[in-house]
Amino acid sequence: ESQLLELKLLELLASHRTRGGQTESWSDGSQNLCDALASEAPVPGGGSASAVMAAMGSALVLKVLRIQMKKSVKANAGPEIQEKLNVVAREAENFVGWFLDLARKDSQAYESVVTAYKTDKTHANRAEIIKLAMENAALVPLELFRQVLEFVRLAYPQKKIISAGIAMFNKLTINPL
């Protein structure tokens, strides 16, 4: 049941939904995610929250890249610049999906730990079951860390493009005139 809640929260963060004639905004999903994180339920927890934050950071980089792609078309930038932006944007989009997938995997892994601890204390292999569940649960944050490093390797060389896009975005949102 908690995995279903997390999947719903991630879905709400990713899109606008209509329910009963009313539109739920992305902020509704973020409130639901915060409520779920603040609950006494074992998941979602810190690992899932970290993965969702990585996905959100990647999505923001993707946003800036998309803005820059439109600007490069309007400015008649060379095809090599447009292709580079397209390649990096596709990769950034992949990272968003991978990070959200890791959020789901983290919850599943932690639920396995919870289940392992519920194993009958007289079970001959209880300690081994718990150990395996804990080892498997540790793999997800390690994979998240590896993926974040890969994303930084992708995004960092684009820092001038990203910085210019952020400055332009801030100028439009802070002072639209």
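Values below: every heavy atom of this structure, side chains too, minus hydrogens, waters and symmetry copies.
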Quiz item: More than 12 foreign heavy atoms under 6.0 Å from CZ of F99: is that the case here?
Solution: yes
Quiz item: Under a 4.0 Å N-O cut-off, is there an ion pair linking K84 with E80?
Solution: no
Self-check item: salt bridge (Lys or Arg N to Asp or Glu O under 4.0 Å) against R126, all qualifying residues, sequence neighbours excluded
Solution: none
Quiz item: Who are the side-chain hydrogen bond (donor to acceptor under 3.5 Å, both in side chains) partners of D120, not counting sequence neighbours?
Solution: T122
Quiz item: Is T119 reaching over with its side chain to a backbone N or O of A116, donor-acceptor style, under 3.5 angstrom?
Solution: yes
Self-check item: Side-chain ion pair, R90 and E83, N-O less than 4.0 Å
Solution: yes
Quiz item: Would a 4.5 Å heavy-atom cut-off, applied to side chains only, mark V61 and F95 as touching?
Solution: no
Quiz item: Quick one: NZ on K131 to CG on N136, what's the gap to the nearest 0.5 Å?
Solution: 11.0 Å
Practice problem: Test side chain to side chain contact (heavy atoms under 4.5 Å, CB included) on E91 and V88 and set out the steps. | Solution: CA-CA 5 Å; E91 284 296 310; V88 175; 5.7 Å; no
Self-check item: Atom pair CD1 (I67) and CG (L85), whose distance is rounded to the nearest 0.5 Å
Solution: 12.0 Å
Practice problem: Look at the side-chain heavy atoms of Ile, Leu, Val, Met, Phe, Trp and Tyr, link any pair under 4.5 Å apart, and say whether L100 and L62 land in one connected group. | Solution: no
Quiz prompt | Reported CG-to-NZ distance for the pair L144 and K105, which is rounded to 0.5 angstrom | solution = 11.5 Å
Quiz item: Closest heavy-atom contact between A137 and V113?
Solution: CB-CG2, 3.7 Å
Quiz item: Would you say the side-chain atoms of D106 pair up with the backbone N or O of L102, donor to acceptor, closer than 3.5 Å?
Solution: no
Exercise. Over all heavy atoms of both residues, which pair between A133 and S112 is shortest? Give the atoms and the distance, please.
Key: CB-O, 3.8 Å
Quiz item: Between S107 and S48, which heavy-atom pair has the shortest distance, and what is it?
Solution: OG-OG, 2.9 Å
Quiz item: Looking at residues at least two apart in the chain, or sitting in another chain, which of them share a side-chain hydrogen bond (donor to acceptor under 3.5 Å, both in side chains) with R66?
Solution: E93
Quiz item: How would you list, by chain and number, every residue that makes a side-chain hydrogen bond (donor to acceptor under 3.5 Å, both in side chains) with N86, sequence neighbours excluded?
Solution: none
Quiz item: Apart from I129 itself, what residues make up its hydrophobic cluster, given side-chain heavy atom links below 4.5 Å?
Solution: none
Practice problem: Could you note down all residue pairs passing side-chain hydrogen bond (donor to acceptor under 3.5 Å, both in side chains) where residues 142-152 supplies at least one of them, sequence neighbours left out? | Solution: E143-R146, E143-Q147, E150-R153
Quiz item: For A59 and V96, which heavy atoms make the closest approach, and how far apart are they?
Solution: N-CG2, 3.6 Å
Quiz item: Nearest heavy-atom pair of L154 and P157: which atoms, and what distance?
Solution: O-CD, 3.4 Å
Quiz item: What is the minimum heavy-atom distance between H123 and N125, and which atoms define it?
Solution: ND1-N, 2.9 Å
